[in-house]
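Residue indices begin at 1 and follow the sequence shown. Both backbone and side-chain heavy atoms feed into the values below; hydrogens, waters and symmetry mates do not.
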Amino acid sequence: MPPDSYRSPYTVFYLVILIALLAIVLLFENQVNRYVEPLESQVLPFRSVGNRGHIFFTDKDGGRHLAATTHFGYNLTISPLELGDPEEIYEHLAQEISLDRDAFFASAGKKETDEYEILRRNIPKSVKERIEDRIAMYNLEGVWLESFQQREYPFGSLGAHVLGFVSVDEDDRVRGQYGIENLFDEVLSGISQSPRSAKVTLLKQLGEIDEKDPVILAGNVILSIDINAQRYLERVLQGIQNQWGAEKVGGIVMRPESGEVVAMGSRPTFDPNHYSKVTDYSTFNNPVVEDVYEMGSVFKALTMAIGIDSESVSPEDVYNDRGSVTIDGETISNFDLKGRGPGTSMQTVLSQSLNTGAVFVLQQTGLETYREYFEEFGFDGITRIDLPKETTGFTDNLDSNREVEFATASFGQGIAVTPIATVRAFASLANDGVVVQPYTVKEIEQPKVGGIILGTANSREERQVFDKETAEVVSAMLTRAYDRGIAGGAFRDPQYTIAAKTGTAQLVDPETGGYAEGRVLHSFFGYLPASDPQFIVFLFAVDPSAKYASGTLPSPFRTIANFLISYYGIPPDR
């Protein structure tokens, strides 16, 4: 017989094979699960588990902050039908926990109508143990402690539209509803594996799973949402709604180079801890990914970039602005109905937001070329952001060959897109002309199989739409527009270059299909520093009380920009 220290070479061989197989299985899962289709087109398998995975916010230092977790507790419960001497039981329980005497005896007296009454909810663990000891010691009948679990959101409404919530469906199954809870329900609730699957077999051989254990691999979701940036954004959004009485307000803060969303929010909102109090279910929808709007003059930035990139116009070009132009029998005017005359520059088109100037760039570019660029942005599809129910844009007007349809699109009317698709397109100007895929999930981890199994950041798609030089030229033009055009240059920062543009668009009346009288959408985007953009911010407000976005959104944007500069320690570039 060989000594105890002897190890057959076959043992080492089998161990190496086992580890290699496990690695292959995990790599396969990583590739297969790299992108999750929107929930509208997919039915996720479900298995209810006690310990649903956590969702975490993060911060700039890499710290994690528990955004969603499962709270376990105990309720003190009695059965009036089986209850022993109510007086004796009350005296015993009252020595361990505060109980309302009248309420106790009212519950105890329901012997003919009720078999189950909760006396106190969420009993602390230390008190629970003392009550259990007393019940056992004095043989108290008809009273017990019942365990329960509930989904808990420690930060209340913060990030509610990203997180979603958990509820029980009509089949009495616990399911994630809306947001991350919905799209990643399979990960958070636990993946039920076939007991004969290769991974389960390997995990059992490695001793990670007991032969008799249910095979459930619950995971955690780590978000790119920075808790401090999210707090600040939501505070600003609430201020916009309070000041201007907007029907809806939303905003996004994203890193243009990677697509990492560090903050996303909207108003009105809800507290996922108390979602049942919401009476208007549309409040649960995330307008950043689910709503489409005609965005208005912010699109002039893209029109100018298309013109310059296609070499149809240059920043030095001028035109004769008569204040209006007629196309296909339709008159298109500047916002103030005034013309700037001959020699109106491309810079003036952006700085003073001239509709006639956007049409001029379109006409120099040509309809087919303009359409090809728009198709590169993918407005008629989805961005594939990792949030459910993303809506496609409506760009059917550009399928026609009527010049007027393209003319209105050049200044952001007649086509409707989501805010997330909008900010992705604008981010290309801040990212050397490259369009990236936005994301909110940094990592998914399943501790049972060895930590991180998925990093959304590593699976993003990129597409070059503009030349780098085009992006730089347009960024410089947008910087001058911010420095001199918006509010007469009141928001110019002496230390940082900021590229930005405002937009005001008429809102469509859903009943008539025409534009609603006096109802507008305000939009604003800006990125900083313009010389090396670290963040892009997009804000929108539905039907605020003011007429133009130049009066509502530049100031909130500026406060967000100041926060980002301070919080992330962005060095000045002026």
Side-chain angles (χ1 to χ4, degrees), residues 38 252 254-259 261 288-313 350 358 361-362 365-385 387 390-400 405-439 460-475 477-478 499 501 503 505 521 523-527 533 536-538 540:
I252 316 162
M254 189 179 85
R255 294 185 183 274
E257 185 177 5
S258 65
V261 177
V288 174
V289 300
E290 297 180 53
D291 290 357
V292 294
Y293 303 102
E294 296 183 24
M295 293 295 178
S297 293
V298 286
F299 266 69
K300 288 170 184 165
L302 294 182
T303 296
M304 187 63 68
I306 291 171
I308 292 173
D309 197 70
S310 63
E311 299 182 349
S312 304
V313 298
L350 292 181
V361 174
L362 166 72
T365 302
L367 306 190
E368 190 56 38
T369 299
Y370 194 83
R371 177 165 38 215
E372 289 172 359
Y373 273 93
F374 250 67
E375 288 174 352
E376 284 295 302
F377 289 116
F379 286 126
D380 59 347
I382 60 174
T383 68
R384 296 170 68 87
I385 189 172
L387 289 170
E390 183 180 8
T391 304
T392 61
F394 296 100
T395 60
D396 293 350
N397 285 7
L398 300 187
D399 292 337
S400 76
E405 306 290 3
F406 287 79
T408 56
S410 72
F411 53 86
Q413 293 271 193
I415 55 172
V417 296
T418 60
I420 190 62
T422 302
V423 75
R424 177 182 68 162
F426 295 150
S428 67
L429 300 173
N431 187 36
D432 296 335
V434 177
V435 169
V436 297
Q437 180 180 334
Y439 67 90
R460 62 190 176 92
E461 298 176 350
E462 293 187 352
R463 185 167 61 255
Q464 188 87 38
V465 176
F466 300 125
D467 288 341
K468 179 181 178 181
E469 292 75 15
T470 299
E472 291 174 346
V473 168
V474 176
S475 290
M477 296 175 74
L478 290 171
K501 183 74 183 75
L521 175 97
S523 60
F524 186 102
F525 81 90
Y527 50 90
I536 182 169
V537 179
F538 181 71
F540 64 95

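Between A427 and M254, the shortest heavy-atom contact is CB-CE, 3.7 Å. Listed here is the closest heavy atom pair of R424 and P438: CD-CD, 3.9 Å. Residues T383 and A421 share a closest heavy-atom pair of CG2-CA, 3.7 Å.
Side-chain contact check for Y293 versus S523: every heavy-atom pair is 4.5 Å or farther apart. V298 has its side chain within reach of F426: a pair of non-hydrogen atoms, C-beta onward, lies under 4.5 Å apart. In this structure, I252 and P419 have side chains that are in contact, with non-hydrogen atoms separated by less than 4.5 Å. Using a 4.5 Å heavy-atom threshold, the side chains of V292 and T418 count as touching. When side chains are defined from C-beta on, Y373 counts as touching V465, because their heavy atoms get closer than 4.5 Å. Contact annotation: the side chain of D380 never approaches that of T392 to less than 4.5 Å [non-hydrogen atoms, C-beta and beyond]. Under the 4.5 Å side-chain criterion, counting only non-hydrogen atoms from C-beta, E257 is not in contact with P533. Taking 4.5 Å as the limit, every side-chain heavy atom of F538 sits out of range of all side-chain heavy atoms of I420.
Using a 3.5 Å distance cut-off with no hydrogens or angles, the side chains of T303 and Y370 do pair a donor with an acceptor.
Atoms CZ and CG, from F466 and L429 in turn, are 6.0 Å apart once rounded to the nearest 0.5 Å. We find the CD-CG distance between E405 and D396 to be 10.5 Å, quoted to the nearest 0.5 Å. The CZ atom of R463 sits 9.0 Å away from atom CZ of F377, with the distance rounded to the nearest 0.5 Å. Between the CG atom of D309 and the OG1 atom of T365 there is a distance of 10.0 Å, given to the nearest 0.5 Å. Rounding to the nearest 0.5 angstrom, the gap separating the CD atom in E372 from the CG atom in L398 is 12.5 Å. Going from atom CZ of F411 over to atom CD of E294 covers 10.0 Å, rounded to the nearest 0.5 Å.
The environment of E311 atom CD is sparse: at most 12 non-hydrogen atoms of other residues, nucleotides or ligands sit within 6.0 angstrom.
Here the side chain of N431 pairs a donor or acceptor atom with the backbone of V434 at under 3.5 angstrom. Using a distance-only test at 3.5 Å, with no hydrogens or angles considered, a donor-acceptor pair links the side chain of R371 to the main chain of S400. In this structure, the side chain of E390 engages the main chain of R384 through a donor-acceptor pair within 3.5 Å.
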For F540 and T422, run side chain to side chain contact (heavy atoms under 4.5 Å, CB included): C-alpha distance rounded to whole Å, both residues' side-chain angles, the deciding distance at 0.1 Å, then the answer. CA-CA 11 Å; F540 64 95; T422 302; over 6 Å; no
F299 vs F374, test: side chain to side chain contact (heavy atoms under 4.5 Å, CB included). Steps then yes/no. CA-CA 11 Å; F299 266 69; F374 250 67; 3.8 Å; yes
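Among V361, L350, L478, the single residue meeting the side chain to side chain contact (heavy atoms under 4.5 Å, CB included) criterion with K300 is L350.
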